Amino acid sequence: MSKQSNSSYDSADRAGVSDAMKLTKYSNLVYVFAAATDCADRLAVNLRWHNHEVIAFSEPDELRAAIQVRQPEAVVIDIDSEPAKRVIQALAQRVVTTFPAIYVSENDTFAQRLEAVRQGAEGYFIKPLDFNALSTRIDEKISKNEVLAFRVLVVDDDEMLGSYYDAVLSSAGMHVEAISDPSKILETMKRFKPDLVLTDLLMPECNGIELAKIIRQNNRYTTVPIVFLSTETELQKQISAIETGADDFLTKPIDPEKLISAVANRAERYRSLRS
């Protein structure tokens, strides 16, 4: 791929950007990728002008490593190169990707836009770029993710499983607190104020059904969603568990995407009703 011209990015004056950056407090983290280093730098310079903390990458492996260390709130990808396809493929292989991906390209064809939609892109911008519009789209997508940052309380006597659910839900942008001692449920709910309680059904000291009844004794928590997790597969026992006031029953082992979807749907409904 040949290097793109400076005009394709409609780049801002570097000196002016540099001065403004000294006075500007960045609002969020954005990664940008372009196979040509100068193109990646120009993307970064212009987005910094629009009050974003930006890190530029021109090597797919470096971007992938950076995401593992610190996830961005959005990623902008110049898709007009073979290395960009490796980046897109790497993102598609992740179990959970919480940040929006926005594509930029010189090509404005229906086929390429359709492919972008199927790959999950949250935006598609044509060069030369309108950075006001690009920055606005980034902010919109980040704001949407922040709204969905649900608070989830995990209760499981198996600390390893509790940590696993914590990691899965946290990777989706949720705020999670995990406890292994059911006796701490009320003090934790008062402090943490969860949008949903995810609890194991079969626990030795206090099982999930008993825990749900304790939660429902408090008028403040009568509408907080409670989701059971268990290896129990007998339908009648699942129905009995839900009749105690729980909102859903998920059977272990559960796919991470299904867990995230079930929790997010219930928590979002609870927030809507509460509003």
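Computed from a predicted model, the values in this text were never measured in an experiment.
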Fill in the blank from the handout: Between the CZ atom in R64 and the CZ atom in R86, the distance rounded to the nearest 0.5 Å is 7.0 Å

Practice task
Hey, could you give me the CG/NZ distance between N107 and K127, rounded to the nearest 0.5 Å?
Solution key: 8.5 Å

Practice task
List the atom of T37, the atom of S58, and the distance in Å for their closest heavy-atom pair.
Solution key: OG1-OG, 3.3 Å

Handout entry: Closest contact, heavy atoms only, S105 versus D80
Key = OG-OD1, 2.7 Å

Problem - Flag, side chain of S163 to backbone of E159, donor-acceptor distance under 3.5 Å - result: yes

Handout entry: Salt bridge present between E115 and K85 (N-O < 4.0 angstrom)
Key = no

Problem - Residue pair I67 / L91, side-chain heavy-atom distance below 4.5 Å - result: yes

Handout entry: Rounded distance (nearest 0.5 Å) linking atom SG of C206 with atom CD1 of I185
Key = 9.0 Å

Handout entry: P83 to A35 - nearest heavy-atom pair and separation
Key = CG-CB, 4.0 Å

Handout entry: Test log, rule side-chain contact (heavy atoms from CB on, under 4.5 Å), inputs I138 and H50
Key = CA-CA 10 Å; I138 291 171; H50 288 79; over 6 Å; no

Practice task
Evaluate the side-chain proximity of Y103 to Q119: yes if any heavy-atom separation is below 4.5 Å, no if none is.
Solution key: yes

Problem - Atom pair CG/CG of D139 and N51 - distance to nearest 0.5 Å - result: 8.0 Å

Handout entry: Flag side-chain contact, heavy atom, 4.5 Å: E106 against I126
Key = no

Fill in the blank from the handout: CD1 of I226 to NZ of K213, rounded to nearest 0.5 Å, is 12.0 Å

Practice task
Report yes if the side chains of N46 and L129 come closer than 4.5 Å at any heavy-atom pair, otherwise no.
Solution key: no

Handout entry: Greater than 12 external heavy atoms within 6.0 Å of E210's CD
Key = yes

Handout entry: Note: E177-R191 ion pair, threshold 4.0 Å (strictly below)
Key = yes

Exercise for the section: For S135 and N132, indicate whether the former's side chain and the latter's backbone hold a donor-acceptor pair under 3.5 Å. Expected result: no

Practice task
Taking the side chain as every heavy atom from C-beta outward, state whether L259 and L169 have any atom pair closer than 4.5 Å.
Solution key: yes

Practice task
Taking all heavy atoms of P60 and all of F33, pick out the closest pair and write down the distance.
Solution key: N-CE1, 3.6 Å

Exercise for the section: May I ask you to decide if M203's main-chain N or O and N207's side chain share a donor-acceptor pair within less than 3.5 Å? Expected result: no

Problem - Carboxylate-amine/guanidinium proximity below 4.0 Å for R113 and D108 - result: yes

Handout entry: R48 side-chain N/O to V54 backbone N/O, donor-acceptor pair under 3.5 Å
Key = yes

Problem - Heavy-atom check, side chain of V224 versus side chain of Y270, under 4.5 Å - result: yes

Practice task
May I ask you to test the I102-R137 pair for a side-chain heavy-atom distance under 4.5 Å?
Solution key: yes

Fill in the blank from the handout: Tightest non-hydrogen contact, residues D78 and A34, listed as CB-CB, 3.8 Å

Practice task
Output, in order, the C-alpha distance, side-chain angles, deciding distance and verdict of side-chain contact (heavy atoms from CB on, under 4.5 Å) for T136 and L134.
Solution key: CA-CA 5 Å; T136 298; L134 177 58; over 6 Å; no

Exercise for the section: Mark yes or no: R151 above the aromatic ring of F192, with NZ or CZ under 6.0 Å from the six-membered ring centre and no more than 45 degrees from the axis. Expected result: yes

Practice task
First locate atom OG of S230, then atom CD1 of I254, and finally report the distance between them rounded to the nearest 0.5 Å.
Solution key: 12.0 Å

Handout entry: Main-chain N/O of D166 paired to S170 side chain as donor or acceptor, under 3.5 Å
Key = yes

Problem - Transitive ILVMFWY side-chain link I77 to V117, under 4.5 Å - result: no

Practice task
Taking all heavy atoms of A267 and all of L196, pick out the closest pair and write down the distance.
Solution key: N-CD1, 4.1 Å

Problem - Where at least one partner belongs to residues 57-89, residue pairs that pass ring pair (Phe, Tyr, Trp, His ring centres under 6.0 Å), sequence neighbours excluded - result: Y31-F57

Practice task
Starting from the C-alpha separation in whole Å, work towards a yes-or-no answer on side-chain contact (heavy atoms from CB on, under 4.5 Å) for Y124 and Q112.
Solution key: CA-CA 10 Å; Y124 192 100; Q112 193 148 335; 3.2 Å; yes

Exercise for the section: Test Y165 against every option in D200, L229, V155 by the side chain to side chain contact (heavy atoms under 4.5 Å, CB included) rule and name the one that passes. Expected result: L229

Practice task
Please tell me if the side chains of S180 and D156 come closer than 4.5 Å, counting only heavy atoms from C-beta onward.
Solution key: no

Exercise for the section: Just do the side-chain contact (heavy atoms from CB on, under 4.5 Å) check on R70 and L29 with the steps written out, would you? Expected result: CA-CA 10 Å; R70 182 187 177 194; L29 175 64; 3.3 Å; yes

